[in-house]
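Structure record follows, encoded as structure tokens.
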Amino acid sequence: QVQLVESGGGLVQPGGSLRLSCAASRSTASIYPMGWFRQAPGKQREFVAAISRRSDNVNYADSVKGRFTISRDNAKNTVYLQMDSLKPEDTAVYYCNAGNWLMTRVAGPYWGQGTQVTVSS
């Protein structure tokens with residue numbers, strides 16, 4: 001079992017930046033790809049980004065490509081999502097996820113509790 005805990009959400013103005021963190025309960029270095037999904041009010045949860053176990057492959061949704069950067073530190077059992085040039089349409093609850101098929105944008109069985117990101121002036 002893998003437990004995931006997100007942090008780093010908050011309120012930011014358009015054009016601003018935030019960095020989300022997701023801490024895993026045990027070593028994820030040799031286990032799973034990890035990634036992020038988000039869900040805006042009234043919308044379905046959607047894929048945002050994923051990173052392979054050894055950080056040699058990343059995948060981004062078109063809507064965030066060039067603005068968001070995913071990374072991981074296996075020594076700290078943590079994955080990050082650096083979000084720059086934020087837009088109001090990025091407003092959502094962001095969820096950390098882990099699973100074998102994440103690189104194909106299919107969510108794995110392990111989810112964090114979510115962290116709210118609000119982009120507003």
Side-chain angles (χ1 to χ4, degrees):
Q1 188 75 9
V2 177
Q3 293 181 333
L4 305 172
V5 179
E6 302 99 334
S7 61
L11 173 64
V12 63
Q13 292 186 343
S17 298
L18 280 176
R19 188 175 83 151
L20 305 183
S21 299
C22 172
S25 60
R26 64 182 177 95
S27 174
T28 60
S30 60
I31 301 177
Y32 298 118
M34 296 186 71
W36 296 88
F37 288 73
R38 67 185 182 186
Q39 188 167 19
K43 295 187 177 181
Q44 290 188 331
R45 193 171 298 187
E46 64 176 2
F47 170 83
V48 176
I51 187 166
S52 60
R53 291 179 296 173
R54 292 175 176 79
S55 303
D56 52 355
N57 190 18
V58 293
N59 191 346
Y60 295 100
D62 288 344
S63 58
V64 307
K65 199 172 295 183
R67 300 187 298 121
F68 290 11
T69 303
I70 189 170
S71 61
R72 68 190 292 169
D73 185 341
N74 290 335
K76 296 182 179 180
N77 301 329
T78 302
V79 63
Y80 305 96
L81 185 68
Q82 177 66 42
M83 306 186 293
D84 298 319
S85 303
L86 282 162
K87 305 175 181 180
E89 51 263 45
D90 294 318
T91 296
V93 178
Y94 283 71
Y95 296 91
C96 183
N97 183 262
N100 285 322
W101 298 103
L102 258 181
M103 300 311 298
T104 61
R105 306 187 178 191
V106 175
Y110 305 111
W111 292 95
Q113 81 288 353
T115 186
Q116 176 70 46
V117 171
T118 302
V119 185
S120 175
S121 55

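Just so we're clear, the structure is a prediction, and the values are computed from it rather than from any experiment.
- Shortest non-hydrogen contact noted between A40 and A92 is N-CB, 3.8 Å.
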Output a table of donor-acceptor pairs, distance under 3.5 Å, between side-chain atoms of residues 13-20 and any protein atom two or more places apart or on a different chain; print 'none' if there are none.
from: S17; atom 1: OG; to: D84; atom 2: OD1; distance (Å): 2.7

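- Residues meeting the side-chain hydrogen bond (donor to acceptor under 3.5 Å, both in side chains) test with S7, sequence neighbours left out: none.
- Cluster membership for V48 and L86, using ILVMFWY side-chain heavy atoms within less than 4.5 angstrom, is shared.
- Residues N100 and L102 are not in side-chain contact: their nearest non-hydrogen atoms beyond the backbone lie 4.5 Å or more apart.
- T69 pairs by the side-chain hydrogen bond (donor to acceptor under 3.5 Å, both in side chains) definition with nothing, not counting sequence neighbours.
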**Study point:** Stepwise side chain to side chain contact (heavy atoms under 4.5 Å, CB included) check, L4 with S25
**Key:** CA-CA 6 Å; L4 305 172; S25 60; over 6 Å; no

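- Interatomic distance, C96 SG to Q113 CD, rounded to the nearest 0.5 Å: 9.5 Å.
- Clustering ILVMFWY residues whenever any of their side-chain heavy atoms sit less than 4.5 angstrom apart, transitively, puts I51 in a cluster other than the one holding M103.
- With hydrogens and angles disregarded, no donor-acceptor distance shorter than 3.5 Å links the side chain of T91 to the backbone of T118.
- A pairwise comparison of heavy atoms in T78 and S21 identifies CG2-CB, 4.4 Å as the closest pair.
- When atom types are taken as modelled, the side chain of N97 and the backbone of G35 share no donor-acceptor pair closer than 3.5 angstrom.
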Point to revise | Stepwise side chain to side chain contact (heavy atoms under 4.5 Å, CB included) check, Q3 with V5 | key: CA-CA 7 Å; Q3 293 181 333; V5 179; 5.7 Å; no

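- Of all heavy-atom pairs spanning L81 and A49, the tightest one is CD1-CB, 4.2 Å.
- The backbone N or O of E46 sits nowhere less than 3.5 Å from a side-chain atom of R105 that would complete a donor-acceptor pair.
- Hydrophobic clustering keeps Y80 apart from W36 (ILVMFWY residues linked when any side-chain heavy atoms are closer than 4.5 Å, directly or through intermediates).
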Point to revise | Verdict with supporting geometry, M34 and C22, side chain to side chain contact (heavy atoms under 4.5 Å, CB included) | key: CA-CA 9 Å; M34 296 186 71; C22 172; 4.2 Å; yes

Point to revise | Pair Q116-L11, side chain to side chain contact (heavy atoms under 4.5 Å, CB included): steps then yes or no | key: CA-CA 8 Å; Q116 176 70 46; L11 173 64; over 6 Å; no

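- At a threshold of 4.5 Å between side-chain heavy atoms, the hydrophobic network of Ile, Leu, Val, Met, Phe, Trp and Tyr places V64 and F47 in two separate groups.
- When all heavy atoms of P33 and R53 are compared, the pair lying nearest together is N-CG, 3.7 Å.
- Pairs of residues two or more places apart, or lying in two chains, that qualify as ring-ring contact (aromatic ring centres under 6.0 Å, His included) and include a residue from residues 95-121 are Y32-Y110, F37-W111.
- By the salt bridge (charged side-chain N to carboxylate O under 4.0 Å, His left out) test, K65 is found to be paired with D62, residues two or more places apart in sequence or in another chain being considered.
- Here the side chain of Q82 pairs no donor or acceptor atom with the backbone of I70 at under 3.5 angstrom.
- Here the shortest heavy-atom pairing between G99 and P109 reads CA-CD, 4.1 Å.
- Minimum interatomic distance between Y60 and F68 (heavy atoms only, all atoms of both residues): CE2-O, 3.3 Å.
- Residues in residues 88-104 take part in these salt bridge (Lys or Arg N to Asp or Glu O under 4.0 Å) pairs, two or more places apart or across chains: R38-D90, R67-D90.
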